[in-house]
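Lettering of chains follows the sequences in order, A, B, ..., and the numbering in each one begins at 1.
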Amino acid sequence: MILIPNRNCIFKPSKLKAKNMEYNFREIETKWRQFWAANETFKTEHTSTKPKYYVLDMFPYPSGAGLHVGHPLGYIASDIYARYKRLQGFNVLHPMGYDSFGLPAEQYAIQTGQHPAITTEDNIHRYRDQLDNIGFSFDWSKEVRTSSPEYYKWTQWIFTELFASWFNNATQKAEPIEALIEKFEKEGNSTVTACTDFEQTFSAEQWNAFTSIEKESILQEYRLAYLADSWVNWCPALGTVLANDEVINGLSERGNHPVEQKKMRQWSLRIKAYGERLLTGLEELDWTESIKEIQRNWIGKSQGASVEFNVEGSSEKIEVFTTRPDTIFGVTFLVLAPEHPLVNQLTTEDRKVAVAAYQKEASLKTERDRQANVKHISGVNIGAYAIHPFTGEIVELWIGDYVLASYGTGAVMAVPCGDQRDWDFARHFNLEIKNIFENIDISEAAYAEKEGVIANSGFLTGLPIKSAIVKAIEAVEEKQIGKGKTNYRLRDAVFSRQRYWGEPFPVYYKEGLPHMIDAQHLPIVLPEVEKYLPTEDGQPPLGNSKDWAWDTIANKVVSNDAIDNTSIFPLELNTMPGWAGSSWYFLRYMDASNSTAFASKEQTTYWNSVDLYIGGSEHATGHLLYARFWTKFLADRGYLSFDEPFKKMINQGMILGRSSFVYRTTDGKQLISKSQKENFETIPLHVDISLVDNDRLNIEAFKKWRPEYAEANFVIEEDGSYLCGSEVEKMSKSKFNVQTPDELVEKFGADTLRMYEMFLGPLEQSKPWDTKGINGVHNFLRKFWRLFHQNENGKESIFNVSDEEPTKEALKTLHKTIQKISIDLERFSFNTGVSNFMIATNELTEQKCSNRAILTDLLVLLSPYAPHICEELWVQLGHEAGTLSHASLPICNESYLVADTFSYPVSFNGKVRFKVELSASLDSKSIEDHVMKMKEMEKYLEGKTPKKFIVVPGRIVNVVV
RNA sequence: GCCCAGGUGGCGGAAUUGGUAGACGCGCUGGAUUCAAAAUCCAGUUCCCCUGGAGUGCGGGUUCGAUUCCCGCCCUGGGUACCA
């Protein structure tokens, strides 16, 4: 391949040739990007005799800010891995797409009137350009966008399937709702073990006598997608509900707005049904322990018992959940959540005012207030009494906001001696603290350990705690006042959002009941609206659409004016949450253009679960849980042959930005250099990092950037420069510390950027972005290039490789590198991979090696890291047809690595004193003999005889004196 | 509070099963080349009271030998929380 002469050099012909063969990364990279696109080099074969490998990245939300240097970190790692897998002969699926529904585009639309589809399209183009610039080997023919109707058609379809399913606890599987209806018709619901909160029983006769409305409202209690009045996180500022994982410390994840509790009729998904499988499924996954632990905590399985307490003078019973049934004799009072349904009924007349006041106070508190006041103890006695099921004693009933209505049964049996919160509560209100632990002092704090012996507890007295738990559950079950029970912290996921830019529900309402639109009529396309805000009467934005009704005869969306509630009905106004589309996108990639199914069973069976998933750990309780849930559901219903989506996952660390500051005096007139700032009263101001080089401010550029300081007085350093301060923070536009990959690609090239991002440190570690080392990586690539281009007379560089037999030492360098790179790859240790390439290049440069065989192998080995330069050199080596993307990875021949001699460090009491070069084949005894005769021994033995002589062959010699 | 990850030179970091601590790169210092600069090349660079000694957050322990294993603390980052 002959390069096009550099036009800039036309007038300097003497230098033309030399310049020609320099590492001109701009020309090389542009050329190969075009080559790959034109030849569809990375298009994945659908059928192949090769083994499959699926490498997935978390697809980005295309925001207006574009990619910053943190985004590509994971993408580069996965791209390197995908390229290696291709070289190893795998049929690799390595796709990319966009999570293109979401809040920012909608908020931008509210502010500007710009349709979110247009903003999103623009942003996607920008992202695509940026991604292309880095030279990723994505198969773009499989791109997905969650906001495209061809895609969300299937998101809607999955929702209708969830609606049409229930969870059978007996089989631990989702099953079709028809099977449940059939059971109801024949046997009623008493034999059904389903995941539901519905507790009434009905016979077949009763079922068959129900009206269709009654039937449907019962079925809602079983469906995996159901409408229910539930407590939701309502964010007034965003005007929408949020899922638990979208609320952080009582504030919305997006925008940090306060979130309150509100009861609303919303779609929910019964993820709770999968609690146990989501938990046990973690065991087989190759994920980090920390992310598994986060999911375990989120699912929050706790085992214990439910126990019923009778209420004195009432037929009502209070059910409590406890993990410590063994402490039942320690109960001295019960505490109910203020919202507990029995509170109003049981409260005695004299307590009504106080209870109502407390309830009101509790309801007004936001989640955040409640969390902020954790140490504050409050509660009210409601006047009524419960009866202890074993002692028959009466125990007081209280309400307190430390008991949550939404967890367990909304009521607890208080055991102050065994639970610190109960202890605190008892102390605060002067309630009895009964000690039921043998030889344990509970005068200062509760005893919560599960070690010890129970005392003062009737039939439990004398039992160790662990057996007392078992015995207590038996007793409770025998008395028929409770049973052993497992509780999960995991809540069903609220699936409605009061937003515009999301998937519309394929749902219309007839007589107040939801009906699904048949799959053959999907997608239900998002309607056009005039404005993206809620309607004046508080309906979600889709309420602004004039054409949002479903014609059940024509099977199409029609004008609202046509609604007659006989054949034309109103459509659902909510849209689906952001995580709907991202819960199954990895399946769509397998068969992205399928128009008859979300993906064919043939393709999903071939590709199976993702072999390697790289992405951030911030999705642990959101996306990663929901995606597992949907995968299990689709597997249960027979659409997939596997039920875990991501076999192995690596979580890349966050790249932080390094912000720069100038120090402005409080009067705003002077700007003080860092070392002088202690002498003034100053405020630090973020300054754009492009104006700062090595902490030194470009004062002229700064004046142009901030004209208000053009006249300011700069207090500078002795050397005349202005020194900025710095801090490591999250990258953000407002902190002026965003580094885009584009400028680095422009300055150093994509290959340098790729290798530098990998060289920064271990992939999983968070680290500040710092470009000061990028020269080192760039120089490495130039040095690598020079291996192929001999520098003659110090002036001309021409392509020049030798065809001689490779030397022994060059072979050793090559094969050592092959071995190390493959070990690094298995460990996902990309940073040491880069350094091993540097070592190889340094050694071959030293050896003056320009051997074709050596360099060809090294080139293939390096190509996943730095694909552009390697493609170019590959062609120069004579592979005229181009591309080494599907070449074979060289294999390590260990016979080249065997060394004849080894330089033994000789240490005394563990301290290395000198070295000796010995034959590698010597045995321990010969080594000892040889070392003992050495003249250096005299000095370190100081006339003594060694107590011990340790030889580790091939490692070390240690003399104990 | 509880759970998880981590703490190594001026900096980013390396050290696969306990076996030469500081690979590789940055930065810095000196030198070569150059009219000069860039680039490139060569040498040096953990610290100190320097023929020696200390040293992988701190204090102990096991071992011939510990960044690596054990015990107790400190600090940083992440997760989570009146979850009964």
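Listed nucleotides: B/rC4, B/rG13, B/rC83. Nearest to the side chain of A/Arg489: B/rC83. Which of B/rU80, B/rC41, B/rA84 sits closest to the side chain of A/Thr322 comes down to B/rA84. The A/Ile823 side chain lies nearest to B/rU16 when the options are B/rC83, B/rU16, B/rC3. Taking only side-chain atoms of A/Pro905, from C-beta outward, the nucleotide of B/rC11, B/rA23, B/rU20 with the closest atom is B/rU20.
Protein atom CZ of A/Phe830 is 24 Å distant from nucleotide atom P of B/rA23, rounded to whole Å. Regarding A/Arg913, its CZ atom lies at a distance of 13 Å from the P atom of B/rU51, rounded to whole Å. Computed from coordinates, the A/Met758 CE to B/rA14 P distance equals 13 Å when rounded to whole Å. Remark: P of B/rC26 and CE of A/Met838 are 7 Å apart, rounded to the nearest angstrom. Across the protein-nucleic acid pair, A/Trp287 atom CH2 and B/rA5 atom C1' stand 18 Å apart, rounded to whole Å. When rounded to the nearest whole Å, the span between CD1 of A/Ile956 and P of B/rU17 equals 18 Å. A/Asn779 places its CG atom 12 Å from the C1' atom of B/rC41, with the value rounded to the nearest Å. Residue A/Ile294 contributes atom CD1, which lies 12 Å from atom P of B/rG78 at whole-angstrom precision.
Nucleotides B/rA66 and B/rG52, compared at atom C1', are 24 Å apart to the nearest Å. Taking atom P in both B/rC69 and B/rG19, the straight-line distance is 11 Å, to the nearest Å. When the P atom is used for both B/rU45 and B/rG22, the distance is 12 Å, rounded to whole Å. Comparing B/rC71 with B/rC83, their P atoms are spaced 28 Å from each other, to the whole Å. Spacing between B/rG7 and B/rU17 at atom C1', rounded to whole Å, works out to 24 Å. For B/rC48 and B/rC41, the C1' atoms lie 33 Å apart once the distance is rounded to whole Å. Taking atom C1' on both nucleotides, B/rU46 is separated from B/rU33 by 32 Å, rounded to a whole Å. Straight-line distance between the C1' atoms of B/rG9 and B/rC4: roughly 29 Å, to the nearest whole Å.
Using a cutoff of 4.0 Å between basic side-chain nitrogens and carboxylate oxygens, A/Glu283 and A/Lys292 are not scored as salt-bridged. With salt bridges taken as basic N to acidic carboxylate O contacts below 4.0 Å, none links A/Lys767 and A/Glu757.
Base engagement by A/Ser835 is indicated by at least one non-hydrogen atom pair under 4.0 Å involving a base atom. Within the nucleic acid shown, A/Arg782 comes within 4.0 Å of sugar-phosphate atoms alone, with no base atom in reach, counting heavy atoms only. Counting non-hydrogen atoms under 4.0 angstrom, A/Asp422 reaches nothing in the nucleic acid. Residue contacts shown for A/Lys947 are absent, as no nucleic acid heavy atom lies under 4.0 Å away. Heavy atoms of A/Glu289 sit nowhere under 4.0 angstrom from any nucleic acid atom.
Taking a pair to require two hydrogen-bonding distances under 3.5 Å in either a Watson-Crick or a G-U wobble arrangement, B/rC50 remains unpaired. Base pairing annotation: B/rA38 forms no Watson-Crick or G-U wobble pair, as no partner gives both donor-acceptor distances under 3.5 Å. With a cut-off of 3.5 Å on both pairing distances, the Watson-Crick or G-U wobble partner of B/rG19 is B/rC64. Under the Watson-Crick or G-U wobble criterion, with both distances below 3.5 Å, B/rC28 is paired with B/rG44. Searching all strands for a Watson-Crick or G-U wobble partner of B/rU80 with both distances below 3.5 Å returns B/rG1. For B/rC58, the paired base is B/rG72 (Watson-Crick or G-U wobble, both distances below 3.5 Å).
When each of A/Ile839 and A/Val952 is assigned the nucleotide of RNA chain B bearing its nearest heavy atom, the one mapping closer to the 5' terminus is A/Val952. Taking the nucleotide of RNA chain B with the nearest heavy atom to each of A/Ile291 and A/Pro768, the more 5' of the two is matched to A/Ile291.
Remark: A/Asn831 is not in phosphate contact with B/rA23, judged by side-chain N or O atoms under 4.0 Å from OP1 or OP2. Distances shorter than 4.0 Å separate some side-chain N or O of A/Arg421 from OP1 or OP2 on B/rC83. Regarding contacts with the backbone of B/rA84, every side-chain N or O of A/Tyr402 stays at 4.0 angstrom or more from both OP1 and OP2. The phosphate of B/rG1 (OP1 or OP2) has no side-chain N or O of A/Gln420 nearer than 4.0 angstrom.
Here the shortest heavy-atom pairing between A/Leu404 and A/Asp401 reads CD2-O, 4.1 Å. Of all heavy-atom pairs between A/Leu279 and A/Ile299, the closest is N-CD1, 3.8 Å. Closest approach of A/Ala426 to A/Pro416, counting heavy atoms only: CB-CB, 3.8 Å. Here the closest non-hydrogen pair linking A/Tyr904 and A/Gly954 is OH-N, 2.7 Å.
A donor and an acceptor atom, one from each side chain of A/Asn842 and A/Glu846, are nowhere located under 3.5 Å apart. Defined by atom type and a distance below 3.5 Å, a donor-acceptor pair is missing between the side-chain atoms of A/Lys948 and A/Asn958. Side chain to side chain, A/Gln847 and A/Thr813 meet the donor-acceptor criterion of an N or O pair below 3.5 Å.
If you check distances only, the side chain of A/Arg786 never reaches the base of B/rU40 with a donor-acceptor pair under 3.5 Å.
Taking 4.5 Å as the limit, some side-chain heavy atom of A/Ile454 sits within range of a side-chain heavy atom of A/Ile465. Side chains of A/Tyr402 and A/Ile377 form no contact here, defined as non-hydrogen atoms less than 4.5 Å apart.
With its glycosidic angle within 90° of 0, B/rC50 is assigned syn. With its glycosidic angle within 90° of 0, B/rG9 is assigned syn.
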Using the 3.5 Å cut-off, write out each protein N or O paired with an N or O of nucleotides 60-64 of chain B and the distance between them.
residue : atom : partner  : partner atom : Å
B/rC64  : OP1  : A/Lys948 : NZ           : 3.4
B/rC64  : O2'  : A/Asn958 : ND2          : 3.2
B/rC64  : O2   : A/Asn958 : ND2          : 2.6

